[in-house]
A.B. asks: 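Just dropping this structure here.
One-based numbering along the sequence shown. On a predicted model such as this, the values are computed, not experimentally measured, just so you know.
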Amino acid sequence: MSDKPARQRPRIFLLWGAVLSALFFYPLVGNLEYRPFMMWSPANTAELLLAFLLLAAILGILARLAAMIPSERLRLVVFASVCLIPFASFLSSLLHLLSLNFKVFLVGAEAFLRQHPSLGAPPVLLGAAFAWICWRRSRAVLGLLQEALLILSPVVLIAVVGVVRFGLGRRIVTEIRPAHAPTASLESAPKAPKNIYIFLFDETSYDYLYERGSVRSDFPNIKAFSEMSENYHSALSAGTDTDTSIPGFLAGKRFHFLKGRHGALWDVPDSGPATPVDLDSVNIFRRARASGYKTVVVGWYLAYCDKMFFGNSLDSCDSVSYYNHAAVTDGFSPLNPVYTVIMNWPRQFPFGLLQTPVYSIFHSKTVKKIHRLSTESFAIDGPVFEFIHFSIPHQPFVFDGDGFRPAQYPYLQNSENYIRQLRYVDRLFGELLAELKKNGRFSNSDIMFISDHAYRVMAKPGEKERIPLLLKRAGRIERRDLHGVVKAEELLKELVESGR
């Protein structure tokens, strides 16, 4: 058997590079259908196309260099290494799109092997046997791998069609500045006598925050706030997940599952036809404007600033998405789509070796950015109705009471990791209240501390909608405990209308 590498035309390496690049970026391309939640824009499409071309060139060159290696076995090792990450990226996306619970399988496998480490030997032995077979039949395996790239070449066309179909639409608005916001209704409305600030911390649990009817001493800032506030012990959110709970909270109604389709939002029930959703005509921000408030939003994940959500009803807005270059790097960068692809991977081993540190940094920078934008917004002339959405204490668990200190396993769902991050929520909330006092906005404002749903993994059956809700009324400092069931969206509506 000859070890001399076969002669291949240069264009085949360009094709291989393009296929491998398309396979790598497929998790992102497959999610472009959800543009409203990713806040996608044509500039992001340009980043993706540039990143695709650069990666295709790099991988094509690496494939060419691998083909020049005289040793057939070493050639297989290098070529397989070039293909490994793109193939794994595509596999994770394909199984997700086929609704196969690949991540659930990895979660279960990872948990099982942690409990029974001795049973990890058979998979290792199978992997070693597979590697030995590949080593013995290197020429055949190399040929199969190269044929697989040719078979998968239509993925390039599918990816291009996906980008053209979903990536070249109108820009999703991610910020509104007061000078550019529509203010006609505000000018004709009477001045409200107070400010209203709503602080929502994603996935804050009532059961972890309270103990025997009082906020735990682990969270001194929230505890001090509760002693001057109304404590609602049976408050319910408008849903069990962020996608439906927050729009329902702000629109005053409940949804099944919101999905962006054909430039609009649709409510998709478990059975039956989807119905279009109009968040623009009826929402709490329109009510607030009619009551004389300037309306402000600072948040993440949802496209608050876009007209598909609440953009036409806001005077100032900043939203940070799952894909938002300003949260990771400043300005245009081909690294942004690379980061987003990695964040879309499963967080379990082996994907988690890259996914966990990349997402942890993104999570930290998102929280810091929301904090900065929030404190800056407190200087807006009142009266103000402001909604602020933080991404914590939701996983990954990368904070403790002192700041950014990732847990040993940031995605490990347990009480210890959750409480560590909840301590940072307490610190953050204390800093926000101090900033309100500094700006003279504390005593004359209604201030609400709330969540969008419970800590779902640890929630009791039927209690995923039970949330902590604390409300300090303007000019009042006495504690009240209310045990009757209250829907958060109804209380919010009452709060705005009481300010007239």
Side-chain angles (χ1 to χ4, degrees), residues 1-28 51-95 102 105-106 109-110 113 117 120-156 159 334-335 337-339 341-342 344-358:
M1 181 183 295
S2 172
D3 280 345
K4 184 178 179 180
R7 292 180 177 272
Q8 291 165 315
R9 296 180 179 180
R11 63 187 179 187
I12 194 66
F13 301 109
L14 295 177
L15 175 61
W16 288 347
V19 173
L20 290 171
S21 185
L23 294 178
F24 175 81
F25 284 111
Y26 205 80
L28 177 54
F52 168 80
L53 293 174
L54 290 174
L55 186 61
I58 292 170
L59 294 174
I61 291 171
L62 291 176
R64 178 71 181 93
L65 294 174
M68 296 171 62
I69 297 175
S71 170
E72 199 168 69
R73 288 171 174 170
L74 183 57
R75 195 185 319 149
L76 171 62
V77 170
V78 175
F79 192 79
S81 299
V82 172
C83 297
L84 179 62
I85 291 179
F87 268 88
S89 184
F90 177 70
L91 177 64
S92 69
S93 177
L94 183 63
L95 294 175
F102 184 48
F105 167 76
L106 288 176
E110 187 177 60
L113 289 176
V124 173
L125 293 175
L126 287 175
F130 177 75
W132 181 80
I133 293 172
C134 291
W135 187 258
R136 295 283 297 175
R137 303 296 301 274
S138 56
R139 173 176 290 185
V141 174
L142 183 61
L144 287 173
L145 193 55
Q146 292 172 347
E147 287 178 11
L149 288 177
L150 294 177
I151 293 172
L152 290 171
S153 59
V155 172
V156 178
L335 287 176
V338 175
Y339 289 139
V341 166
I342 294 173
N344 271 283
W345 288 351
R347 58 182 179 267
Q348 289 73 35
F349 181 86
F351 298 92
L353 295 175
L354 281 176
Q355 196 272 357
T356 298
V358 170

A.B. asks: If I compare all heavy atoms of A51 with all of F25, which pair ends up nearest, and what's the gap?
C.D. replies: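 The answer is CB-CZ, 3.6 Å.
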A.B. asks: Quick check: closest heavy atoms across V78 and A66, and the distance to 0.1 Å?
C.D. replies: CG1-CB, 3.7 Å
A.B. asks: Quick check: do F90 and L152 have side-chain heavy atoms less than 4.5 Å from each other?
C.D. replies: yes
A.B. asks: Within the 4.5 Å heavy-atom criterion, are T356 and F351 side-chain neighbours or not?
C.D. replies: no
A.B. asks: Sorted by first residue and then second, give each side-chain hydrogen bond (donor to acceptor under 3.5 Å, both in side chains) pair with at least one member in residues 80-90; sequence neighbours left out.
C.D. replies: S89-W345
A.B. asks: Are any of the side-chain heavy atoms of V341 and Y26 separated by less than 4.5 Å?
C.D. replies: no
A.B. asks: Rounded to the nearest 0.5 Å, what's the gap from CG on L353 to CD1 on I342? Could you check?
C.D. replies: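 Result: 11.5 Å between the selected atoms.
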A.B. asks: Taking all non-hydrogen atoms of both residues into account, name the closest pair between S21 and L55 and its distance.
C.D. replies: OG-CB, 3.6 Å
A.B. asks: What I'd like to find out is whether the side chain of W16 reaches to under 4.5 Å of the side chain of L150, using heavy atoms alone.
C.D. replies: yes
A.B. asks: Any idea which heavy atoms bring P346 and S92 closest together, and the distance?
C.D. replies: CD-CB, 3.7 Å
A.B. asks: Rounded to the nearest 0.5 Å, what's the gap from CG on L59 to CZ on R64? Could you check?
C.D. replies: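 Reported value, rounded in 0.5 Å steps: 15.5 Å.
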A.B. asks: Can you see which heavy atom on L20 is nearest to which on P86, and at what distance?
C.D. replies: O-CB, 3.3 Å
A.B. asks: Indicate yes or no: at least one non-hydrogen side-chain atom of F79 is less than 4.5 angstrom from one of L149.
C.D. replies: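 Yes, close enough: below the 4.5 Å cut-off.
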A.B. asks: Looking only at heavy atoms, which two atoms of P27 and N344 are closest? And how far apart?
C.D. replies: CB-CB, 4.1 Å
A.B. asks: Can you confirm whether L14 is buried at CG, in the sense that more than 12 heavy atoms of other residues, nucleotides or ligands lie under 6.0 Å from that atom?
C.D. replies: yes
A.B. asks: Find out whether I12 and L15 are in side-chain contact, i.e. whether some heavy atom of one side chain is under 4.5 Å from a heavy atom of the other.
C.D. replies: yes
A.B. asks: When rounded to the nearest 0.5 angstrom, what distance separates CG in L76 from CD in E72?
C.D. replies: 8.5 Å
A.B. asks: Checking R75 side chain against I69 main chain: does a donor-acceptor pair fall under 3.5 Å?
C.D. replies: yes
A.B. asks: Is the shortest heavy-atom distance from the side chain of L65 to the side chain of F13 under 4.5 Å?
C.D. replies: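 No; the side chains remain at least 4.5 Å from each other.
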